[in-house]
Participant: 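Input: one structure, supplied below.
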Number of protein chains: 4
Amino acid sequence: MPRKIDLAPKKLPRQRRAVATVEALAEAATYILAREGLGGFTANKVAEKAGVNIASFYQYFPNKEALLFHIVRQTWERQLARLSPILTRPGEDHAVKLRDFVREFFLIEAAEVDLRRALRAASVDLKETEEFRALLAAGADLTKRFIAEAVGNGHSGNLDFDVRFVVLLTTSFAERTTDEGTGGAELIRQADPLTDMLVARFNIA
Amino acid sequence: MPRKIDLAPKKLPRQRRAVATVEALAEAATYILAREGLGGFTANKVAEKAGVNIASFYQYFPNKEALLFHIVRQTWERQLARLSPILTRPGEDHAVKLRDFVREFFLIEAAEVDLRRALRAASVDLKETEEFRALLAAGADLTKRFIAEAVGNGHSGNLDFDVRFVVLLTTSFAERTTDEGTGGAELIRQADPLTDMLVARFNIA
Amino acid sequence: MPRKIDLAPKKLPRQRRAVATVEALAEAATYILAREGLGGFTANKVAEKAGVNIASFYQYFPNKEALLFHIVRQTWERQLARLSPILTRPGEDHAVKLRDFVREFFLIEAAEVDLRRALRAASVDLKETEEFRALLAAGADLTKRFIAEAVGNGHSGNLDFDVRFVVLLTTSFAERTTDEGTGGAELIRQADPLTDMLVARFNIA
Amino acid sequence: MPRKIDLAPKKLPRQRRAVATVEALAEAATYILAREGLGGFTANKVAEKAGVNIASFYQYFPNKEALLFHIVRQTWERQLARLSPILTRPGEDHAVKLRDFVREFFLIEAAEVDLRRALRAASVDLKETEEFRALLAAGADLTKRFIAEAVGNGHSGNLDFDVRFVVLLTTSFAERTTDEGTGGAELIRQADPLTDMLVARFNIA
DNA sequence: CATGAATGAGAATTCATTCAT
DNA sequence: CATGAATGAATTCTCATTCAT
C-alpha cells in the first residue's frame with residue numbers, strides 16, 4: 001500500500017536568496033545523511049546545520065521526505081550526468097563501452113558510499129511513490145537502450161528480460177561491493193570479471 | 001565509531017509462560033518488520049502487538065536492537081537449515097549443486113521479502129557489532145567451502161577472491177531480484193542464467 | 001568518574017513569550033524542589049506545573065540538571081547579593097562585621113530552608129561538574145578575603161587553613177541549624193555564640 | 001506533612017537462612033549506596049546484587065525505604081558502639097574525653113563517607129518518620145549526658161541549649177569536613193581546633 | 001516460602017510540524 | 001517572508017511492587 005507522501009517542493013525558489021536556502025538545506029542534508037545515516041536525518045537537525053530556520057524548511061518542502069527525495073533526484077542526476085557520455089558514446093565497440101560503463105558505475109557508487117547507503121535505506125519508503133518511479137524510469141531508459149544495443153547484437157532471446165537482467169546484476173553487485181567498503185584498485189578487480197562474464201554470456205563484441 | 005550496543009538477551013525464559021512471552025515478542029517483531037519496515041519497529045509497538053507489557057520486553061531484551069538481532073539470528077539459522085543439505089550434499093556434480101543452491105537462495109529470499117528487506121536495513125547498524133560478524137562468519141564458512149569446491153576445480157587464480165566474488169554476486173543479485181518483487185517462476189528464470197554464467201566463467205563441471 | 005552533564009542553557013529566550021516560559025519553568029522548579037525535594041523534581045512535573053509543554057522545556061535546557069543548575073546559580077547569586085554589602089563594608093570593626101555576616105547567613109539559609117535542602121542534595125551530583133565549581137569559586141573568593149581580613153589580624157598561623165576552617169564551620173552549622181527547622185529569634189541565639197567563639201579563637205577585634 | 005512510610009521490617013527473620021537473606025540485602029544495599037549514591041539504590045538492583053529474589057526482598061521489607069532505614073539503624077548502632085566507650089568512660093578529665101570524642105566522631109564519618117553521604121540524602125525523607133526520630137532520640141541521650149557533664153561544670157546558662165549547640169556544631173562540622181573529602185591527619189587538624197574552641201567557650205576542664 | 005514472571009505508572013528525551021510576530 | 005516559539009505525540013527505558021507456581 002503506497003502511502004501518499006507529498007514529495008513535490010512546496011514552492012519553487014524564485015529569488016536568489018531562496019535558491020541559496022534550498023541549496024543549503026540540500027547540502028546539510030547530504031552531509032548528515034552521509035555522516036549519520038537515515039537515522040540522524042531529522043528536519044530540525046538539517047535546518048540547524050544549514051543555518052536555516054526550521055519554519056523556512058517547511059516553506060520549501062512539505063515534509064522531510066520531500067527533501068530526501070530532492071537529494072535522491074540530485075544524486076541520480078549527477079550520476080546520470082557522469083554516465084551519459086559513456087551511454088551515448090557512438091561507435092560499435094560495445095564490449096569496451098560496457099566495461100567503461102560498469103567501471104564508472106562502480107566508481108560512482110564508491111565515491112559516495114555513505115550517502116548512497118543512506119539513500120538506499122530511504123528508498124525503501126520512497127520506492128512506493130509515483131515520483132520516485134518516474135524519476136527512475138527517465139534515466140533508466142538511456143541505460144536500457146545502451147544495454148539493449150550491446151546485448152541485442154545477434155541475439156535471439158527476450159531482449160527486455162536480458163536488459164533487466166544485466167542492469168539488476170550490475171547495479172546490485174556494484175552497490176554491494178562498494179557497501180562492503182571496497183574501493184580503489186580492488187574495485188576494478190571486482191568490476192571487470194563481471195563485464196567479462198556479461199560479454200561472454202551475451203556475445204558482446 | 002562502532003557504538004557498543006548490547007545484543008545479548010538479558011535473561012533467558014525458564015517457565016513456559018516466559019517462553020511464550022519471548023516468542024510472542026519475536027513474532028510480533030517479525031510481523032511489524034515485514035509490514036512496516038525498520039521505521040515502524042519500535043519497542044512499544046512490538047510489545048503491544050505481542051500483547052505483552054513493555055516492561056516485560058525489557059526483562060528479556062536490553063534494548064530493541066537485541067530483539068532485532070534475535071530475529072536476524074533466527075532468520076539466518078532458518079536459512080542455513082534450508083541451504084545446508086545442498087551445501088553439504090556429497091557428490092561431484094558441482095554445476096548441479098550450484099544451480100540448486102542459487103535457486104534455493106532465491107526462493108528463500110523471495111519467501112520473506114518484506115521481512116528480509118527490513119532486516120537488511122537493520123544490518124546497516126548491526127554490521128558494526130561483534131555479535132553480528134560472529135553470526136555471519138559461522139554460516140558463511142560453509143558456503144565458502146561449497147563455492148570453493150565448485151570453483152576450485154582446475155582453477156589457478158586467487159581462490160579467496162573468487163569465492164568472495166561469487167558469493168557477493170549471487171547474494172546481491174538474489175536480494176535485489178526479490179526486492180523488486182519478483183517471484184514464482186520468474187525467479188528461477190533470473191537465477192539460472194546467473195548460474196550459467198558462473199559455471200562458464202569458472203569451468204564448473 | 002565525573003559524568004559529563006551539559007549544564008549550559010540550550011538556547012536563550014529572545015522574545016518576551018520565551019522569557020516568560022523560562023521564568024515559569026524556574027519558578028515551578030523552585031516550587032517543586034521546596035515542596036517535594038529533589039526526589040520529586042522531574043522534568044515532566046516541572047513543565048506541567050509551569051504550564052509549559054515538555055518539549056519547550058527541552059528547547060531551553062538540555063536536561064533537567066541544567067535547570068537545576070540554573071536554580072542553583074540564581075539562588076547563589078541572590079545570596080551573594082545579600083551578603084556582599086557586609087563582605088565589602090569598609091571599616092576596621094571586624095568583630096561586628098563578622099557577627100553581621102554570620103547572622104545574615106543564618107537568616108538567608110532559614111528563609112528558604114526547603115529549597116536549600118533540596119539544592120544541597122542536588123549539589124552532591126553537581127559538585128562534580130566544572131560549572132558548579134566555577135560558580136562557587138567566584139563567590140567564595142569574596143568570602144575568603146573577608147574572613148582572611150578578620151582572622152588575619154595579628155595572627156601567625158596558616159591563614160588558608162583558618163579561612164577554610166571558619167567558612168566550613170560557619171556554613172555547615174548554619175545549614176544544619178536551619179535544616180532542623182530553627183528560625184526566628186532562636187536562629188540568632190545559635191548564630192551569635194559561634195561568632196563569639198570565632199572572635200575569641202582568632203583574636204578578632 | 002510526614003508521609004506515612006512503613007519502615008518496620010515485615011517479619012522478623014527466624015530461620016538462619018532468613019537472617020542470611022536480610023544480611024545479604026543489607027550488605028548489598030550498603031555497597032550500592034556507597035558506590036552509586038541514593039540514586040542508584042533501587043530494590044531490584046539491591047536484590048540482584050544480594051543474590052536474592054526480588055520477591056524475597058518484599059518478604060522482609062515492606063518497601064525499599066524500610067531497607068534504607070534498616071541500614072540507617074545499623075550504621076547508627078555501629079557508630080554508637082564505637083563512641084560509647086568514650087561517652088561512658090569514667091573520670092573527670094572532660095577536656096580529654098571531649099577531644100577523644102570529637103576525633104573519633106570525625107574518624108567514623110571519614111571511614112564511610114560515601115555511605116554516609118548517601119544516608120544523609122536518604123535521611124531527608126526519613127526524618128519525617130516516627131521511627132527515625134525514635135532511633136535518634138535513643139542514642140542522642142547518651143551523647144547529651146556526656147556533653148552536659150562536660151559543659152555543665154560550673155556553668156550557669158541554659159544547659160539544654162548548650163548541649164544542642166555543641167552537638168549540632170560538632171556533627172555538622174564533622175559531616176561537612178569529611179564530605180569534602182578530608183581524611184587522614186588533616187582530619188585531626190580540623191577536629192582539634194573545634195575542641196579547643198568548645199573547651200574555651202564552656203570552661204571545660 | 002522461594003523463585004520466575006509480570007506490569008502500571010512514569011521519567012527523560014526527541015521529532016515533525018505549526019503558529020505568531 | 002523569515003524567525004522565534006510552541007507543542008502533540010512518540011519513543012526508549014526504568015522502577016517499585018505484586019502475582020503465580
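The chains referred to below are lettered A, B, ... by the order of the sequence lines, with proteins before strands, and numbering in each begins at 1. Side chains are part of it too, since the values below use all heavy atoms of this structure and drop only hydrogens, waters and symmetry mates.
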Participant: Tell me every residue that passes side chain to side chain donor-acceptor pair (under 3.5 Å) with B/Gln74, counting only those two or more places apart in sequence or in another chain.
Facilitator: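 By the side chain to side chain donor-acceptor pair (under 3.5 Å) rule, B/Gln74 matches B/His70.
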Participant: Can you give each donor-acceptor pair under 3.5 Å made by side-chain atoms of residues 56-65 of chain B, sequence neighbours left out, with the distance rounded to 0.1 Å?
Facilitator:
{"unit_1": "B/Gln59", "atom_1": "OE1", "unit_2": "B/Lys11", "atom_2": "NZ", "d": "2.8"}
{"unit_1": "B/Asn63", "atom_1": "OD1", "unit_2": "B/Glu65", "atom_2": "N", "d": "3.2"}
{"unit_1": "B/Asn63", "atom_1": "OD1", "unit_2": "B/Ala66", "atom_2": "N", "d": "2.9"}
{"unit_1": "B/Asn63", "atom_1": "ND2", "unit_2": "B/Asp6", "atom_2": "O", "d": "3.3"}
{"unit_1": "B/Lys64", "atom_1": "NZ", "unit_2": "B/Phe41", "atom_2": "O", "d": "3.2"}

Participant: Rounded to the nearest angstrom, tell me the gap between atom CG in B/Leu38 and atom P in F/dT11.
Facilitator: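 So the CG-P distance, B/Leu38 to F/dT11, works out to 13 Å.
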Participant: Which residues pass the side chain to side chain donor-acceptor pair (under 3.5 Å) test with A/Glu112, not counting sequence neighbours?
Facilitator: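 Result, side chain to side chain donor-acceptor pair (under 3.5 Å) vs A/Glu112: A/Arg78, A/Arg116.
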Participant: With sequence neighbours excluded, what pairs up with D/Lys49 under the side chain to side chain donor-acceptor pair (under 3.5 Å) test?
Facilitator: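 By the side chain to side chain donor-acceptor pair (under 3.5 Å) rule, D/Lys49 matches no residue at all.
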Participant: Within the structure, does a side-chain N or O atom of B/Thr21 lie under 4.0 Å from either OP1 or OP2 of E/dA6?
Facilitator: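 Affirmative; the distance criterion is met.
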Participant: Extract all donor-acceptor atom pairs below 3.5 Å that involve side chains of residues 19-40 of chain D and protein atoms in other chains or at least two apart in sequence.
Facilitator:
{"unit_1": "D/Thr21", "atom_1": "OG1", "unit_2": "D/Arg17", "atom_2": "O", "d": "3.0"}
{"unit_1": "D/Thr30", "atom_1": "OG1", "unit_2": "D/Ala26", "atom_2": "O", "d": "2.7"}
{"unit_1": "D/Glu36", "atom_1": "OE1", "unit_2": "D/Lys45", "atom_2": "NZ", "d": "2.8"}

Participant: With the side chain counted from C-beta on, respond yes when C/Val46 and C/Thr42 share a heavy-atom pair under 4.5 Å apart, and no when they do not.
Facilitator: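 A side-chain contact is absent here, since even the closest heavy-atom pair is not under 4.5 Å.
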Participant: What are the residues of residues 29-36 of chain A, sorted by number, that bring a heavy atom to within less than 4.0 Å of DNA chain E?
Facilitator: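 Of all residues in residues 29-36 of chain A, none places a heavy atom under 4.0 Å from DNA chain E.
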Participant: D/Asp114: what forms a side chain to side chain donor-acceptor pair (under 3.5 Å) with it, not counting sequence neighbours?
Facilitator: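 For D/Asp114, the residues satisfying side chain to side chain donor-acceptor pair (under 3.5 Å) (neighbours in sequence not counted) are D/Arg117.
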Participant: Which pair of heavy atoms, one from D/Trp76 and one from D/Leu136, lies closest together, and at what distance?
Facilitator: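 What the structure gives for the nearest pair is CZ2-O, 3.9 Å.
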Participant: For DNA chain E, report each stem as range with range, ordered by first number, or say none. Use Watson-Crick or G-U wobble pairs under 3.5 Å, at least 3 in a row.
Facilitator: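 When the pairs of DNA chain E are grouped into runs of at least three, the stems are E:2-21 with F:2-21.
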Participant: Atom NZ of B/Lys11 to atom P of F/dC13: distance rounded to whole Å?
Facilitator: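 Answer to the nearest Å: 18 Å.
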Participant: Scan C/Phe61 against the nucleic acid and name what it touches under 4.0 Å (heavy atoms): base, sugar-phosphate only, or nothing.
Facilitator: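 Answer is nothing: C/Phe61 stays at 4.0 Å or more from every strand.
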Participant: Which parts of nucleotides 13-20 of chain E does protein reach within less than 4.0 Å, heavy atoms only, written one letter per nucleotide 5' to 3' as B for base, S for sugar-phosphate only and - for none?
Facilitator: BBBBBBB-
Participant: Looking at C/Glu131, I want to see if its CD is surrounded by more than 12 non-hydrogen atoms of other residues, nucleotides or ligands under 6.0 Å.
Facilitator: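 Yes.
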Participant: Can you list every pair that meets salt bridge (charged side-chain N to carboxylate O under 4.0 Å, His left out) and has a residue in residues 66-75 of chain D, with sequence neighbours left out?
Facilitator: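 Residue pairs with at least one partner in residues 66-75 of chain D: D/Arg73-D/Glu77.
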Participant: Could you give the CD-to-P distance, from B/Glu23 to E/dA5, as a whole number of Å?
Facilitator: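 Nearest whole value for this atom pair: 14 Å.
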Participant: On the nucleotide E/dA5, are OP1 or OP2 found under 4.0 Å from the side-chain N or O atoms that B/Ser56 carries?
Facilitator: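 Negative; the distance criterion is not met.
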Participant: Just by modelled atom types, is the B/Phe132 backbone N or O under 3.5 Å from a matching donor or acceptor in the B/Thr129 side chain?
Facilitator: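 Yes; at least one donor-acceptor contact below 3.5 Å.
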